[in-house]
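Down below is the structure, laid out as structure tokens.
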Amino acid sequence: MATAAQWIEGARPRTLPNAIAPVLAGTGAAASIGGFVWWKAVLCLLLSVALIIGVNYANDYSDGIRGTDDERVGPLRLVGSKLAAPAAVRNAAVGCLALGAVIGLVLVATTAWWLILVGAACLAGAWFYTGGRNPYGYSGFGEIAVFVFFGLVAVLGTEFVQAERIEWAGLACAVAIGSFSSAVLVTNNLRDIPTDTESGKLTLAVRLGDTRTRTLHLVLLAVPFVASLVLVARTPWALAGLLALPLALKANEPVRSGKGGPGLIPALAGTGLAMLVWSVLTAIALTISGL
């Protein structure tokens with residue numbers, strides 16, 4: 001039976017920046033147009049964290065019962081390591097996603113009814129990434145889904161529920177965060193190319209191959225800093241986001257130097273840290289512009 005520490009590790013805490021950064025950026029975008037609502041920002045954060053933990057447990061369950069995680073290089077997987085029963089991990093996933101749904105309904109009730117459709121799409125995207133008969137994560141669409149859900153939907157959704165409108169600065173932030181989040185998944189899938197190829201999991205990294213996947217990681221990390229330059233049109237303080245550039249370059253170092261397997265694990269944490277720092281600096285800059 002898995003210990004509490006192993007359950008926490010199975011929740012993949014290194015992915016939490018993917019949940020926190022979109023809310024920070026979306027809140028900054030809302031604040032820049034005078035729409036900051038603190039309690040809605042808190043609910044968005046709780047919703048985002050619940051969903052990403054739910055996604056992680058759902059992936060652990062689905063990959064585990066398929067045998068994809070039988071030979072792993074990266075962090076702990078509960079089902080694949082046989083530390084927890086598949087049903088227990090599935091129930092944990094459902095519980096987290098259900099909690100996210102409840103929080104989402106509160107936001108729907110205080111904003112707009114049609115957000116229910118967005119929430120339903122998010123829940124379906126979470127489960128069918130690796131779940132179901134034809135998981136889209138096994139067909140190379142994972143990075144696109146991450147860009148959409150943890151970039152466009154999460155950032156613009158956070159902005160909308162607070163300001164009740166979205167505008168171009170929010171879109172720039174959404175593209176930046178979506179690129180960062182996709183870069184995290186690209187790193188993960190680059191590391192897993194050998195085992196994913198063996199198990200028939202045709203991720204984008206498997207389809208592109210090692211060299212082009214490494215190039216993609218660099219391109220994705222460059223996009224947020226282009227966004228910082230674009231956001232100067234809203235406030236010159238947006239240049240503060242460039243202070244995260246050294247962290248992004250450090251995160252990319254294992255990738256561009258050709259490392260593989262465990263050697264790529266620091267790139268996962270590094271990419272997440274760069275994203276988090278960029279979102280904090282940008283959110284502060286946008287908030288100042290709205291004062």
Side-chain angles (χ1 to χ4, degrees), residues 17-36 41 44-45 48 143-160 162-163 165-187 190 204 212-257 267-291:
N18 294 65
I20 299 169
V23 177
L24 290 174
T27 297
S32 74
I33 53 177
F36 172 66
C44 285
L45 181 59
S48 190
E143 284 79 2
I144 295 174
V146 165
F147 182 86
V148 171
F149 290 118
F150 286 100
L152 301 182
V153 173
V155 175
L156 297 179
T158 298
E159 181 184 18
F160 182 81
Q162 294 181 65
R165 65 189 177 98
I166 58 176
E167 42 75 66
W168 70 268
L171 181 59
C173 288
V175 170
I177 296 297
S179 296
F180 267 131
S181 292
S182 295
V184 172
L185 183 57
V186 165
T187 308
L190 172 64
L204 183 61
R212 286 186 291 181
T213 300
R214 293 177 190 274
T215 301
L216 177 61
H217 186 264
L218 181 60
V219 171
L220 288 171
L221 286 183
V223 170
F225 301 102
V226 175
S228 291
L229 299 177
V230 171
L231 287 167
V232 169
R234 170 57 52 84
T235 171
W237 288 103
L239 291 174
L242 298 178
L243 295 174
L245 182 57
L247 293 174
L249 292 173
K250 183 178 180 182
N252 181 250
E253 191 280 328
V255 178
R256 67 177 180 271
S257 64
L268 282 169
T271 302
L273 178 61
M275 171 169 53
L276 190 58
V277 171
W278 186 92
S279 67
V280 169
L281 295 172
T282 302
I284 291 172
L286 290 173
T287 299
I288 291 172
S289 75
L291 296 177

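Numbers here simply count residues along the sequence, with the first being 1.
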If I compare all heavy atoms of [X] with all of [Y], which pair ends up nearest, and what's the gap?
| X | Y | result |
| --- | --- | --- |
| Ala244 | Ala274 | CB-O, 3.9 Å |
| Ile33 | Ala163 | CD1-CB, 3.8 Å |
| Ser257 | Pro254 | OG-O, 3.3 Å |
| Pro17 | Leu276 | CB-CB, 4.3 Å |
| Gly170 | Ala29 | CA-CB, 3.7 Å |
| Ala238 | Ala285 | N-CB, 3.8 Å |

State the [atom1]-[atom2] distance between [X] and [Y], to the nearest 0.5 angstrom.
| X | Y | atom1 | atom2 | answer |
| --- | --- | --- | --- | --- |
| Thr215 | Arg256 | OG1 | CZ | 12.5 Å |
| Trp237 | Ile288 | CH2 | CD1 | 5.5 Å |
| Leu286 | Leu281 | CG | CG | 11.0 Å |

Quick one: list whatever passes ring-ring contact (aromatic ring centres under 6.0 Å, His included) with Phe36, sequence neighbours left out.
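Counting only residues at least two positions away or on another chain, Phe36 forms no ring-ring contact (aromatic ring centres under 6.0 Å, His included).
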Hey, does the side chain of [X] reach the backbone of [Y] with a donor-acceptor pair shorter than 3.5 angstrom?
| X | Y | answer |
| --- | --- | --- |
| Thr158 | Val23 | no |
| Arg214 | Leu190 | no |
| Ser48 | Leu45 | no |

[Y] side chain reached by [X] side chain, heavy atoms, under 4.5 Å:
| X | Y | value |
| --- | --- | --- |
| Asn252 | Thr271 | no |
| Leu218 | Val255 | no |
| Phe147 | Ser181 | no |

Can you spot which of [options] makes a side chain to side chain contact (heavy atoms under 4.5 Å, CB included) with [X]?
| X | options | answer |
| --- | --- | --- |
| Cys173 | Leu231, Leu24, Leu156 | Leu231 |
| Ser182 | Leu220, Ile177, Leu216 | Leu220 |
| Val146 | Val186, Val184, Leu185 | Leu185 |

Please list all pairs passing the side-chain hydrogen bond (donor to acceptor under 3.5 Å, both in side chains) test where one or both residues lie in residues 224-236, with sequence neighbours left out.
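Every side-chain hydrogen bond (donor to acceptor under 3.5 Å, both in side chains) pair that includes a residue of residues 224-236, provided the two are not neighbours, is Ser32-Arg234, Glu167-Arg234, Ser228-Trp278.
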Side chain to side chain contact (heavy atoms under 4.5 Å, CB included) between Val277 and Leu243, intermediate numbers included
CA-CA 8 Å; Val277 171; Leu243 295 174; 5.9 Å; no
Does the pair Phe180 and Leu221 meet the rule for a side chain to side chain contact (heavy atoms under 4.5 Å, CB included), with working shown?
CA-CA 6 Å; Phe180 267 131; Leu221 286 183; 3.8 Å; yes
Does the side chain to side chain contact (heavy atoms under 4.5 Å, CB included) test come out yes or no for Leu229 and Leu242, once each step is laid out?
CA-CA 9 Å; Leu229 299 177; Leu242 298 178; 4.2 Å; yes
